[in-house]
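Shown next, in C-alpha cells, is the structure this report addresses.
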2 protein chains.
Amino acid sequence: MRADAQRNRELIATTALDLLARRGPAVSMEEIARAAGLGVGTLYRHFPDRQSLLDSVAATTLRTLLAASRAEQSSSSPRWQVLVRIVARCTGLPLALISSLPDATRVDPTVAELVEEVNALLKGLVEDAQREGSLRADLTGAQVVGLLNVAVCRPGARADDPLTTVLLDGLRARP
Amino acid sequence: MRADAQRNRELIATTALDLLARRGPAVSMEEIARAAGLGVGTLYRHFPDRQSLLDSVAATTLRTLLAASRAEQSSSSPRWQVLVRIVARCTGLPLALISSLPDATRVDPTVAELVEEVNALLKGLVEDAQREGSLRADLTGAQVVGLLNVAVCRPGARADDPLTTVLLDGLRARP
DNA sequence: GGCCAACCGGAGCGTGGCCTTCACCTTAAT
DNA sequence: ATTAAGGTGAAGGCCACGCTCCGGTTGGCC
C-alpha cells in the first residue's frame with residue numbers, strides 16, 4: 001500500500017471518529033471528507049460503503065477501549081478509581097450511538113460482540129465497586145451501565161463536563 | 001368549530017408531544033398522524049406546516065410548565081424541594097430539543113421568549129438553593145440549568161429514571 | 001329526516017439530501 | 001520516464017419527508 005494511501009486511511013478513521021463524537025451519528029460522508037480535506041471518492045476507495053466505515057471506526061475504538069480497560073482493571077487501585085478512569089476514557093466516544101441507534105440487527109457482529117464485552121466488563125466493575133462500598137448499592141449493575149451510556153456517550157460530552165462530575169458524585173455511596 | 005375538529009386538534013397536540021418526548025425531534029408528520037389514528041391531511045387542516053405544529057406544542061407545554069413553576073416557586077417549601085418538583089415536571093419534555101436543536105434563528109419568537117423565561121426562573125431557583133445551602137456551590141446557575149437540560153429533556157427520560165435520581169443526588173450539597 | 005358546509009383520508013407530487021459511482025487527473029515508487 | 005495505484009468531485013439514483021388535493025364522510029341545524 002502506498003504511503004499516502006495509508007496516511008489517508010488513518011486520517012479518515014480519526015476524522016470520522018472525531019465528527020461522530022462531536023456531531024452525532026448522522027454525519028454525512030461529505031462532511032467527513034471535507035473535514036479530512038479529501039474528496040468523497042477517497043473514502044470509498046478505502047471503505048466499500050458508509051456502514052463499513054462506521055463499523056471499522058467502532059471496532060477500532062472499542063478494541064482500544066477494551067484493552068485499556070482490562071489493563072486498568074488488573075491494577076490494584078480501588079475499584080472506584082478504576083471506574084472513574086475508564087469513564088474518563090469513554091467520555092465522548094460514540095459508543096451508544098453505534099451500538100443502539102441504528103437498529104441492533106444491522107450492526108456488524110464483531111462490533112456487537114465488542115460492545116457486549118465492554119458492557120460486561122463495566123457491569124462487573126460496577127458490582128465490584130458496590131461490594132467495595134464505594135458505589136451506591138440501590139441500583140443494579142445494568143442500570144448504572146445504562147445511565148453511564150446515555151450520560152457519557154452523548155455527542156459533545158467531555159470528561160470535565162459538569163454533568164459527568166455531578167453524575168459520578170451522585171454514584172458515590174453515601175456515608 | 002365542529003366538535004370532532006376540536007377533539008382532533010387536541011389529539012394531534014397531545015400525540016405530537018408524546019412522540020416528541022419519546023422519539024426525539026425528528027418525528028415525521030406521518031408518524032404523528034398514524035399514532036393519532038388520523039390522516040396526514042388532518043394535521044395540515046389544523047396547522048399550516050410542521051413547524052407551526054411544533055411551535056404550538058412547545059408554546060403550550062412551556063406555558064403550562066411556567067405557570068406550574070411559578071406556583072411552586074411561591075410556596076414556602078425549601079428551595080431544594082421546589083427544584084426537585086419542577087425537575088420532575090420537566091422530565092421527558094422535549095424542551096432542549098425545541099429550543100436548541102433547530103437552529104436558534106428559526107424558532108418562533110413566542111417560544112424563544114418562553115424558553116428564556118423558564119431558563120431564567122430555573123437559574124434563579126438554582127442560585128437560591130445554593131444560597132440556602134442545599135445545592136452544591138461549585139457550579140454556576142447556568143451550568144446546572146444546562147446539565148439539567150441535557151439530562152432531563154432527552155427522549156425517553158422519566159422522572160424515576162436512575163439517571164435523574166443519581167443526578168439530583170449529585171447536585172445535593174455535601175456535608 | 002334532509003341538507004350543507006366543514007371535515008377527514010391517504011395516494012401522490014415535488015424536493016432536497018444523501019450515498020455511491022466513474023471517468024479523468026495526480027502522484028508515489030521504481 | 002513509466003506505470004499502476006491513488007485521488008477527485010460532479011452527476012446519478014434513490015429514498016424519505018413535507019405538503020397538496022379531491023373524493024368521500026360526518027356533525028350541526030332546520
Side-chain angles (χ1 to χ4, degrees), chain A residues 1-58 94 97-98 101-103 105-108 111 155, chain B residues 1-58 94 97-98 101-103 105-108 111 155:
Chain A
M1 175 179 281
R2 251 166 60 174
D4 57 344
Q6 177 144 0
R7 269 201 316 274
N8 280 338
R9 190 186 170 89
E10 287 165 18
L11 180 62
I12 290 167
T14 59
T15 306
L17 175 59
D18 181 56
L19 276 185
L20 285 171
R22 291 214 325 263
R23 302 169 60 99
V27 285
S28 70
M29 293 299 263
E30 198 183 332
E31 276 181 282
I32 298 172
R34 267 221 330 275
L38 300 172
V40 216
T42 310
L43 271 61
Y44 285 92
R45 176 166 301 275
H46 290 285
F47 302 93
D49 54 27
R50 177 195 153 84
Q51 191 60 43
S52 297
L53 171 57
L54 265 50
D55 286 344
S56 169
V57 169
L97 313 174
I98 288 164
L101 272 199
D103 38 358
T105 59
R106 283 295 311 274
V107 292
D108 183 296
V111 173
Chain B
M1 175 180 283
R2 249 166 61 172
D4 56 343
Q6 176 145 1
R7 270 202 314 275
N8 281 338
R9 191 186 171 89
E10 286 165 18
L11 179 62
I12 290 168
T14 59
T15 306
L17 175 59
D18 180 57
L19 275 185
L20 285 171
R22 291 215 324 265
R23 303 169 60 97
V27 285
S28 68
M29 293 300 263
E30 198 183 331
E31 276 181 281
I32 298 173
R34 267 220 329 275
L38 300 172
V40 214
T42 309
L43 270 62
Y44 286 93
R45 174 166 304 275
H46 290 286
F47 302 93
D49 54 26
R50 177 196 153 84
Q51 192 60 45
S52 297
L53 170 55
L54 264 51
D55 286 344
S56 169
V57 169
L97 313 174
I98 288 165
L101 272 199
D103 39 359
T105 59
R106 284 295 312 273
V107 292
D108 183 295
V111 172

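Remember, it's a predicted structure, so these values are computed and weren't measured experimentally. Below, read A as the first sequence line, B as the second, and so on, with proteins coming before strands; counting in each chain starts at 1.
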CZ-CZ distance between B/R9 and B/R2, expressed to the nearest 0.5 angstrom: 15.5 Å
Whole angstrom value for the distance that separates P of D/dG7 from CG of A/L11: 10 Å
D/dG6 C1' sits how many Å from A/L43 CG, rounded? 13 Å
With the sugar-phosphate defined as primed atoms, P, OP1 and OP2, and the base as all remaining atoms, what B/S/- string results for nucleotides 13-27 of chain C, 5' to 3', for protein heavy atoms under 4.0 Å? -----SSBB-----B
Can you name the closest pair of heavy atoms from B/P155 and B/R23 and give their distance? CB-C, 4.2 Å
Looking only at non-hydrogen atoms, find the nearest pair between A/N8 and A/L38 and report the distance. OD1-CD2, 3.6 Å
Is the distance from OP1 or OP2 of D/dG6 to the nearest side-chain N or O of A/H46 less than 4.0 Å? no
For atom CD1 of B/I12 and atom C1' of C/dG9, their distance in whole Å: 12 Å
Assert: residue with more 5' nearest nucleotide on DNA chain C, out of A/R7 and B/M1, is B/M1
Between D/dG7 (P) and A/Q6 (CD): distance, integer Å: 11 Å
Which atom of A/L43 lies closest to which atom of A/M29, heavy atoms considered: CD2-O, 3.5 Å
Around atom CD of B/E30, are there more than 12 heavy atoms from other residues, nucleotides or ligands closer than 6.0 Å? no
Think A/N8 has a side-chain N or O under 4.0 angstrom from the OP1 or OP2 of D/dG6? no
In sequence, state the C-alpha distance, the side-chain angles, and the governing distance for B/T14 and B/D18, and then conclude on side-chain contact (heavy atoms from CB on, under 4.5 Å). CA-CA 6 Å; B/T14 59; B/D18 180 57; over 6 Å; no
